[in-house]
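Have a look at the structure below before the remarks.
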Amino acid sequence: MDTIPDLTLVDPNGAPVKLTALPRPLVVYFYPKDDTTGCTREAQDFSALAGDFAKAGVTVLGVSKDSPKRHANFIAKYDLKVPLASDEDGAACEAFGAWVEKSLYGRKYMGIERATFLFGKDGKLIQVWRKVKVPGHAAAVLEAAREV
């Protein structure tokens with residue numbers, strides 16, 4: 001993948017979110033599940049920096065396979081400032097290579113890899129962060145996005 005995939009996700013209100021129509025530069029971050037410890041922290045970190053991303057002219061979108069209703073509840077519960085989109089059918093996870101085999105206590109299963117993608121104004125992929133560790137990640141992405 002060299003450019004933003006031409007995919008349509010769903011926002012918490014059930015409205016379509018066409019990735020190629022979003023303002024750029026664009027940050028798309030994938031996370032496993034709403035309202036879990038690491039995912040909540042990541043969403044809160046991106047929310048805390050939402051104003052800085054906006055000042056830099058950078059759009060941020062969080063994506064998981066959770067339903068639009070779960071996203072709406074997650075946003076309300078934590079007063080999140082970054083938009084979230086649902087990828088219930090997994091098409092975006094597949095296109096971005098974020099649907100991967102994981103392992104927990106020796107058990108293998110498929111799940112969403114915590115990963116972030118930064119696209120430039122021309123829609124070309126600039127940087128990818130895989131197997132993201134949450135602490136400091138949103139700030140690192142902001143720093144990279146400011147250089148676009």
Side-chain angles (χ1 to χ4, degrees), residues 1-12 14 16-50 52-53 56 58-75 77-78 80-148:
M1 174 188 63
D2 299 326
T3 59
I4 299 171
D6 188 14
L7 295 167
T8 301
L9 305 174
V10 180
D11 79 5
V17 177
K18 189 168 176 61
L19 292 181
T20 54
L22 293 173
R24 302 175 206 147
L26 172 64
V27 170
V28 179
Y29 77 92
F30 286 83
Y31 63 97
K33 192 168 179 61
D34 287 348
D35 215 358
T36 56
T37 307
C39 299
T40 299
R41 182 59 203 255
E42 186 174 24
Q44 288 173 322
D45 289 353
F46 273 109
S47 288
L49 295 172
D52 295 309
F53 277 103
V58 178
T59 303
V60 177
L61 180 68
V63 178
S64 78
K65 291 182 82 168
D66 290 302
S67 70
K69 183 173 179 10
R70 275 193 67 109
H71 279 339
N73 293 341
F74 185 44
I75 289 166
K77 182 175 181 178
Y78 295 100
L80 300 178
K81 305 296 183 213
V82 292
L84 302 178
S86 296
D87 179 35
E88 289 183 290
D89 68 1
C93 291
E94 288 285 343
F96 282 82
W99 189 248
V100 299
E101 184 176 78
K102 298 170 110 177
S103 179
L104 182 65
Y105 304 117
R107 184 179 72 85
K108 303 252 187 236
Y109 64 99
M110 295 302 288
I112 297 176
E113 174 185 48
R114 194 179 305 281
T116 303
F117 301 81
L118 172 60
F119 296 92
K121 289 180 181 172
D122 59 0
K124 292 204 181 332
L125 183 62
I126 294 174
Q127 191 166 347
V128 178
W129 293 263
R130 296 241 178 231
K131 296 182 181 168
V132 167
K133 301 289 183 238
V134 173
H137 176 63
V141 174
L142 175 61
E143 191 175 315
R146 281 180 171 150
E147 295 172 11
V148 173

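For the single chain, residues carry numbers from 1 onward in sequence order.
- Atom OG of Ser47 and atom OH of Tyr78 lie 12.0 Å apart (nearest 0.5 Å).
- Atom NZ of Lys124 is surrounded by 12 or fewer heavy atoms from other residues, nucleotides or ligands within 6.0 Å.
- Closest approach of Glu113 and Gly97 over heavy atoms only: OE1-O, 4.1 Å.
- The two residues Pro68 and Glu88 have their closest heavy-atom pair at CD-OE1, 3.6 Å.
- Inter-residue side-chain proximity for Asp45 and His137 is flagged as unmet; no heavy-atom pair is nearer than 4.5 Å.
- Note that the CZ atom of Arg114 and the NZ atom of Lys133 stand 9.0 Å from one another [nearest 0.5 Å].
- Thr8 places no side-chain N or O within 3.5 Å of a backbone atom of Pro16 that could act as its donor or acceptor partner.
- Taking CE of Met110 as the reference point, atom NZ of Lys102 lies at 10.0 Å (rounded to 0.5 Å).
- Side-chain N or O atoms of Arg41 include none that pairs as donor or acceptor with a backbone N or O of Val134 at under 3.5 Å.
- With a 4.5 Å cut-off on side-chain heavy atoms, Asp34 and Ser64 count as touching.
- For the pair Val58/Leu142, no side-chain contact is recorded, criterion being any heavy-atom separation below 4.5 Å from C-beta on.
- Looking only at distances, a side-chain donor or acceptor of Asp87 sits under 3.5 Å from a matching main-chain atom of Ala92.
- Taking the six-membered ring for Trp and thresholds of 30 and 60 degrees, Phe53 and Phe46 have ring planes inclined between 30 and 60 degrees apart.
- To the nearest 0.5 angstrom, Arg70 atom CZ is 9.5 Å from Lys77 atom NZ.
- Two residues are said to be in side-chain contact when any heavy atoms from C-beta on lie closer than 4.5 Å; Ile75 and Leu84 meet this criterion.
- Taking 4.5 Å as the limit, some side-chain heavy atom of Leu118 sits within range of a side-chain heavy atom of Val27.
- Using modelled atom types, one side-chain atom of His71 and one backbone atom of Ala85 make a donor-acceptor pair closer than 3.5 Å.
- Residues Phe96 and Met1 are in side-chain contact: their nearest non-hydrogen atoms beyond the backbone lie under 4.5 Å apart.
- Contact between Asp52 and Arg146 at its shortest, heavy atoms only, is CB-NH2, 3.7 Å.
- Taking CG of Leu7 as the start and CG of Leu19 as the end, the distance is 5.5 Å to the nearest 0.5 Å.
- Residues Leu9 and Ser86 share a closest heavy-atom pair of CB-O, 3.5 Å.
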For side chain to side chain contact (heavy atoms under 4.5 Å, CB included), just list the numbers for Arg24 and Val148, CA-CA rounded to whole Å, side-chain angles, deciding distance to a tenth of an Å, and then say yes or no. CA-CA 10 Å; Arg24 302 175 206 147; Val148 173; over 6 Å; no

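- When every heavy atom of Phe74 is checked against every heavy atom of Cys39, the shortest pair comes out as CZ-O, 4.0 Å.
- Taking 4.5 Å as the limit, every side-chain heavy atom of Val132 sits out of range of all side-chain heavy atoms of Tyr31.
- Using a 4.5 Å heavy-atom threshold, the side chains of Phe30 and Trp99 count as separate.
- What you find for Glu42 and Thr116 is that their closest heavy atoms are OE2-OG1, 4.3 Å.
- Atoms CG and CD1, from Leu26 and Ile4 in turn, are 5.0 Å apart once rounded to the nearest 0.5 Å.
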